[in-house]
> 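Before I ask anything, here is the structure I am working with.
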Amino acid sequence: MADLEGLKVSKDYHVNVPFANQKGFFLKGINSLDWGMKKHMANIFNPESGNTVMFAFDHGYFMGSTAGLERLDLLLPQLAPYVDCFMGTRGALRTCVPPEIVKSVALRVTSGSSMIQDDLSHEIVAVDIEDAIRMNADCMAVQTFIGADGQLSSLENLNRVINAGMRYSIPTMGVCAVGKDMARTDRFFKLATRIIAEMGVQVVKTYDCENFEEVVAACPVPIVVAGGKKLSEPDALKLAYGVIQKGARGVDMGRNIFQSPHPVAMAQAVSMIVHKGATDKEALEFYQDEIHKEAQPNR
Ligand code: 5RP
């Protein structure tokens, strides 16, 4: 039985002490894996900055046609030069991404829910490892519900995908889902991200929260942060800047890019923060300059 009564609160995160077992590779937690795994991780994460801008457009897998993603075939080629990784479903990738576009791929491999349901926490592994290999996936993304009704089946899904990924050296990204009854507290994210990491994933995707630097410190693999609901551009850039400062190795941003009135400029602004060490203010200035240029194309 878990000793819930009198549970000691974790506190020694040593947030300013670098990860100790990183020698030999630029990403934490990957040092002991083989060449194939490292190659996929180096496709996703830029070895110079150590970071990644993933563009998430997998929303259709449970939301259907989503505002901003109506025409993936038009949007994706425009954004490709400014992001490091495309995160999507096999249906979207095969139909809308010309294979000539050289981009790393985070392939969404679980599905089974839709937004008209009350509980989204029951999914299946829908894409088998052979299809992930055929699609040259650099990682497989698995929705993982900790503390929700579907926890057991989503951990079963996660472990099935990790086991298959270990056979063929394809990383797994555990996507930390927030169930409808879960509060977005650091306590929840410390629990969920650490459980997901200890299952054996190579990347964790999660959300920003209070004490996020402690969530990062306690997670032994790189963390990328979802953007979440659409914010104003200044707030979205502040979010990106804040999480990079606190140790995230990148973002996996969807709505805050594709629902921006200027998605290309927004992707570039986010990339400045993630790869070039720009502040949110500098990135916002760039974004505003770009939209000014768009408005006056002949000047
Ligand atoms: C859904 C996902 C989405 O890809 C994720 O939420 C990222 O998109 P956004 O920045 O719009 O939140 O993983 O589970």
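Read the numbers this way: they start at 1 and go in the same order the structure lists the ligands and their atoms.
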> Considering only heavy atoms, which of Met54, Lys205, Met173 lies nearest to atom 7 (C) of ligand 1?
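Result: the heavy atom closest to atom 7 (C) of ligand 1 is in Lys205.
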> Does any N or O in the side chain of Asp84 come within less than 3.5 Å of the main-chain N or O of Val53, such that one atom is a donor and the other an acceptor?
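Present.
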> Evaluate the side-chain proximity of Val142 to Val109: yes if any heavy-atom separation is below 4.5 Å, no if none is.
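Yes, at least one pair of side-chain atoms sits under 4.5 Å.
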> Tell me whether Gln143 has any N or O atom under 3.5 angstrom from an N or O of ligand 1.
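Checking ligand 1 against Gln143, an N or O pair does fall under 3.5 Å apart.
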> What atoms in ligand 1 come closer than 4.0 Å to a heavy atom of Met87?
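Reading through ligand 1 atom by atom, the close ones are 4 (O).
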> In this structure, does ligand 1 have an atom that sits under 4.0 Å from one of the heavy atoms of Phe55?
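Judged by the 4.0 Å heavy-atom criterion, Phe55 does not count as contacting ligand 1.
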> Backbone N or O of Cys209 within a donor-acceptor pair of the Asp186 side chain at under 3.5 Å?
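Looks like no, no N/O pair under 3.5 Å.
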> So, Asn256 side chain and Glu233 main chain: donor-acceptor pair closer than 3.5 Å or not?
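Pair absent, no side-chain N/O of Asn256 close to backbone of Glu233.
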> For ligand 1, is Asp58 a contact, meaning one of its heavy atoms is under 4.0 Å away?
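Distance cut 4.0 Å: Asp58 passes for ligand 1.
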> Please answer whether the main-chain N or O of Ile257 pairs with a side-chain N or O of Gln259 as donor and acceptor at a distance below 3.5 Å.
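Between the backbone of Ile257 and the side chain of Gln259 there is no qualifying donor-acceptor contact (under 3.5 Å).
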> Between ligand 1 and Arg108, can you find any atom pair, the residue atom being a heavy atom, that is separated by under 4.0 Å?
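It does, in that a heavy atom of Arg108 comes within the 4.0 Å cut-off of ligand 1.
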> Does Arg194 pair with Glu198 as a salt bridge, N-O distance under 4.0 Å?
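Salt bridge flag = yes for Glu198 with Arg194.
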> Under 4.0 Å, counting heavy atoms only: does Gly228 come that close to any atom of ligand 1?
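Yes, Gly228 has heavy atoms under 4.0 Å from ligand 1.
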> Are the side chain of Lys230 and the backbone N or O of Ser260 linked by a donor-acceptor pair below 3.5 Å?
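Answer holds: no.
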> So, is Arg255 polar-close to ligand 1, with some N/O to N/O distance under 3.5 Å?
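Yes.
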> Can any side-chain N or O of Thr206 pair as donor or acceptor with the backbone N or O of Cys176 at less than 3.5 Å?
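No: the side chain of Thr206 does not pair with the backbone of Cys176.
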> Please list, in number order, the atoms of ligand 1 under 4.0 Å from a heavy atom of Ala56.
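Answer for ligand 1: 4 (O), 7 (C), 8 (O).
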> Mark yes or no for whether Gln78, through its side chain, and Leu75, through its backbone, hold a donor-acceptor pair below 3.5 Å.
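No, Gln78 side chain to Leu75 backbone: no donor-acceptor pair under 3.5 Å.
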> Checking a contact table here: which protein heavy atom is nearest atom 6 (O) of ligand 1, and how many Å away?
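Ranking protein heavy atoms by distance from atom 6 (O) of ligand 1, first comes Tyr207 OH, 3.6 Å.
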> Measure the distances from the heavy atoms of His59 to every atom of ligand 1 and state whether one is below 4.0 angstrom.
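Judged by the 4.0 Å heavy-atom criterion, His59 does count as contacting ligand 1.
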> Please say whether Gly227 places an N or O atom under 3.5 Å from an N or O atom belonging to ligand 1.
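Right, the criterion is met.
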> Which ligand 1 atoms, with their elements, are less than 4.0 angstrom from a heavy-atom of Met253?
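Every atom of ligand 1 under 4.0 Å from some heavy atom of Met253: 10 (O).
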> Is the side chain of Asp208 donor-acceptor paired with the backbone N or O of Leu239 at a distance under 3.5 Å, no angle test?
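Side chain of Asp208 to backbone of Leu239, a donor-acceptor pair under 3.5 Å: no, none is there.
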> Can you name the atoms of ligand 1, numbered from 1 with element, that are less than 4.0 Å from a heavy atom of Val175?
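Every atom of ligand 1 under 4.0 Å from some heavy atom of Val175: 13 (O).
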> What do you reckon, does Gly254 have a nitrogen or oxygen under 3.5 Å from a nitrogen or oxygen of ligand 1?
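It does: an N or O of Gly254 is found under 3.5 Å from an N or O of ligand 1.
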> Using a strict 4.0 Å cut-off to heavy atoms of Asp252, name the atoms of ligand 1 that fall inside it.
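Near Asp252, meaning under 4.0 Å from one of its heavy atoms, ligand 1 has 7 (C), 10 (O).
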